[in-house]
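Please read all numbers here as calculations on a predicted model, not as lab measurements. Chain letters run A, B, ... following the sequence lines, proteins first and then strands; every chain starts at 1.
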2 protein chains.
Amino acid sequence: MSAIRVAVDVVILAIREGKLQVLLVKRRYAPFQGRWAIPGGFVKEEESLESAAQRELEEETGVRDVYLEQLYSFGDPGRDPRGRIVSVCYFALLSSGDIAPKAGTDAADAGWFAAFQPPPLAFDHARILDYALLRLRYKLEWTTAGFQLLPKKFTLTDIQKVYEAVLNKRLDKRNFRRKLALLDVLEPLHEYRSEGAQRPARLHRFSAKKFELLKDKGILFPF
Amino acid sequence: MSAIRVAVDVVILAIREGKLQVLLVKRRYAPFQGRWAIPGGFVKEEESLESAAQRELEEETGVRDVYLEQLYSFGDPGRDPRGRIVSVCYFALLSSGDIAPKAGTDAADAGWFAAFQPPPLAFDHARILDYALLRLRYKLEWTTAGFQLLPKKFTLTDIQKVYEAVLNKRLDKRNFRRKLALLDVLEPLHEYRSEGAQRPARLHRFSAKKFELLKDKGILFPF
DNA sequence: CCAAAAGTGTTAGGAGTACACCCATGG
DNA sequence: CCATGGGTGTACTCCTAACACTTTTGG
């Protein structure tokens, strides 16, 4: 019987203040006491890996029904000085509308950080975060996962800013909108959002039935 | 302390007789006694996940230095009636030149099967195989992983047959070759292979230094 | 009327696809 | 000389990328 323990870690990402940010928790105990870390915990005997990830996510953010995807499993001996721990890592994409609920929990030792300039992280968490960011960039270019980072109603500029924040580069407005239109997954609403002394922007929503069709075209990744 | 055990399973794939085949082992004991299964075993306390996968691979095939990539971790409670087992799955691509060594080991209860029409499999192994095949198809279209399925020297028709076997469709010879040329990863050799009463085909080899450049272009997947 | 973001088309280059014939060899 | 797989080019379509101005609003 092996003494290997199984944990899940969840890289929780959201767009805040126009930037891609990651939710980290401060470690209360050794090892790496006081360091920031990706939230996670041990898998319980009777729960699935995905349930464990969802549970961790909900404990940290108070949020359910969030985009969650398995990333990679890290299990080198020595990655955790407490013993042999295999960590099945997930990443979660929060819509900016879902972020508020979190504040209620244990805000003192949890915080949002710029995902591309994180503080020093505990264990091998820097590597995990790097891989999550890499995967997110790929997903954004080849799937419609980017909409998970937005609230239900959003403007075309909102979604463009998501892409710019994650891909870390400027995009051309006209080309971006043409590509969006080609995807045919947005439903323009008869609502507009006024943001100050400018022309109000039209709100759109992601259309789930068109989304399903993309799967058939093979545009979406399975996991 | 959790009683979860950690295993690795390795989906071993190769092109044989022009078809994509998978190496399966026959289970000696219950549960699923006599059923075919994806080879795997428990991770030892002191070895990394990848070492464990390599070890399993070598035990089954006698082969080292093979393309090996982590696929996904499966860990639903109940997936194994013997208890809670989390399986970190890998897939391995064997070059057709590497297949011969295998025969020496325990051939009686191991065999190659058409990957797209496998026999009934033990546990949730059908799902694992499906996912491996899906991943392989994506990799083939977006990376140069297909060359792992060939020996060092091969003809352009050889590589086309690999693509046709994995993607399960016919490809146009001229278009395929043009795309290959664009990738610029092949080095034509001054050697030819005669296959009978036809014009001999020129041999090529995969050029590793050009391969590295693809990484920079983002064409290759990181894992 | 001014500042600020919203919204909108055209063109040129590159990649993908469809398609058919001659070449070199062994028997 | 013939059967067999090896090898090659062109035309069309579609996607991508570069690029600038008018519209609408609040102040």
Side-chain angles (χ1 to χ4, degrees), chain A residues 15 17-18 137-138 140-144 146 150 153-165 167-205 214 217-219, chain B residues 15 17-18 96 137-138 140-144 146 150-151 153-165 167-205 213-214 217-220:
Chain A
I15 304 286
E17 298 158 7
R137 285 196 292 270
Y138 279 115
L140 221 59
E141 298 196 80
W142 295 333
T143 75
T144 57
L150 288 172
K153 300 176 181 180
F154 50 85
T155 68
L156 299 180
T157 300
D158 288 341
I159 179 70
Q160 182 172 344
K161 282 183 178 159
V162 167
Y163 274 73
E164 290 180 335
L167 301 179
N168 221 357
K169 67 180 177 193
R170 304 287 320 257
L171 298 172
D172 179 87
K173 185 162 49 157
R174 283 166 293 185
N175 292 337
F176 182 79
R177 289 176 182 215
R178 180 184 13 261
K179 222 183 286 189
L180 269 186
L182 270 178
L183 277 180
D184 194 30
V185 294
L186 291 191
E187 196 175 319
L189 303 173
H190 296 286
E191 293 177 64
Y192 295 82
R193 193 176 65 199
S194 234
E195 199 74 72
Q198 307 100 23
R199 175 172 175 176
R202 185 161 198 177
L203 291 171
H204 297 252
R205 72 173 172 205
L214 284 182
K217 285 195 231 166
I219 296 178
Chain B
I15 304 286
E17 298 157 9
S96 14
R137 285 196 293 270
Y138 280 114
L140 221 59
E141 298 196 82
W142 295 332
T143 75
T144 58
L150 289 173
K153 299 176 183 180
F154 50 85
T155 69
L156 299 180
T157 300
D158 288 340
I159 178 70
Q160 181 172 345
K161 281 183 178 158
V162 167
Y163 274 73
E164 289 179 337
L167 302 179
N168 221 358
K169 66 180 175 192
R170 306 285 322 255
L171 298 172
D172 179 87
K173 184 163 47 159
R174 284 166 292 186
N175 293 336
F176 182 79
R177 289 175 181 215
R178 183 189 5 264
K179 222 185 285 188
L180 270 187
L182 269 178
L183 277 180
D184 194 31
V185 293
L186 291 191
E187 195 174 320
L189 304 173
H190 296 288
E191 294 177 62
Y192 295 81
R193 192 175 66 200
S194 233
E195 199 74 73
Q198 306 101 25
R199 174 175 177 176
R202 185 162 199 176
L203 291 172
H204 297 251
R205 73 171 172 207
L213 288 175
L214 285 182
K217 287 196 230 163
I219 295 179
L220 273 178

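- For the pair F176(B) and L156(B), the minimum side-chain heavy-atom distance is 4.5 Å or more.
- Distance W142(B) CH2 to dG16(C) P: 13 Å, rounded to the nearest Å.
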Between protein and nucleic acid, restricted to nucleotides 7-9 of chain C and to nitrogen or oxygen atoms under 3.5 Å apart, what atom pairs and distances do you find?
residue	atom	partner	partner atom	Å
dG7(C)	OP1	R202(A)	N	3.0
dG7(C)	OP2	R177(A)	NH1	3.4
dG7(C)	N7	K173(A)	NZ	2.6
dG7(C)	O6	K173(A)	NZ	3.4

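- Residues passing the side-chain hydrogen bond (donor to acceptor under 3.5 Å, both in side chains) test with E195(B) are R193(B), sequence neighbours excluded.
- For the atom pair CG of L180(B) and CD of Q160(B), the computed distance is 8.5 Å after rounding to the nearest 0.5 Å.
- Put simply, the side chain of E141(A) reaches to within 4.5 Å of the side chain of L167(A), judged on heavy atoms.
- Within a 6.0 Å radius of CZ in R205(B), no more than 12 heavy atoms belonging to other residues, nucleotides or ligands are found.
- With rounding to the nearest 0.5 angstrom, the OG1 atom of T155(B) is 8.5 Å from the CG atom of L150(B).
- Comparing K179(A) and S194(A) against DNA chain D, the residue whose closest nucleotide sits nearer the 5' end is K179(A).
- One end of the helix from dC1(C)-dG27(D) to dG27(C)-dC1(D) points its axis 0° away from the other end's axis, with each axis taken from 5 pairs and the angle rounded to 10°.
- A straight line from CZ of F176(A) to C1' of dC19(D) spans 18 Å, rounded to a whole angstrom.
- What separates CG of L171(A) from P of dA17(D) is a distance of 9 Å, to the nearest Å.
- The environment of R202(A) atom CZ is dense: over 12 non-hydrogen atoms of other residues, nucleotides or ligands sit within 6.0 angstrom.
- Distance Q198(A) CD to dA5(C) P: 5 Å, rounded to the nearest Å.
- With rounding to the nearest 0.5 Å, the separation of OG1 in T143(A) from CG in L183(A) is 9.5 Å.
- For the pair L167(A) CG and dT16(D) C1', the interatomic distance rounds to 16 Å; values are reported in whole Å.
- Across the protein-nucleic acid pair, L180(A) atom CG and dA6(C) atom C1' stand 15 Å apart, rounded to whole Å.
- dG26(D) atom P lies 15 Å from atom CZ of R193(A), rounded to whole Å.
- Put simply, the side chain of K161(B) does not reach to within 4.5 Å of the side chain of L171(B), judged on heavy atoms.
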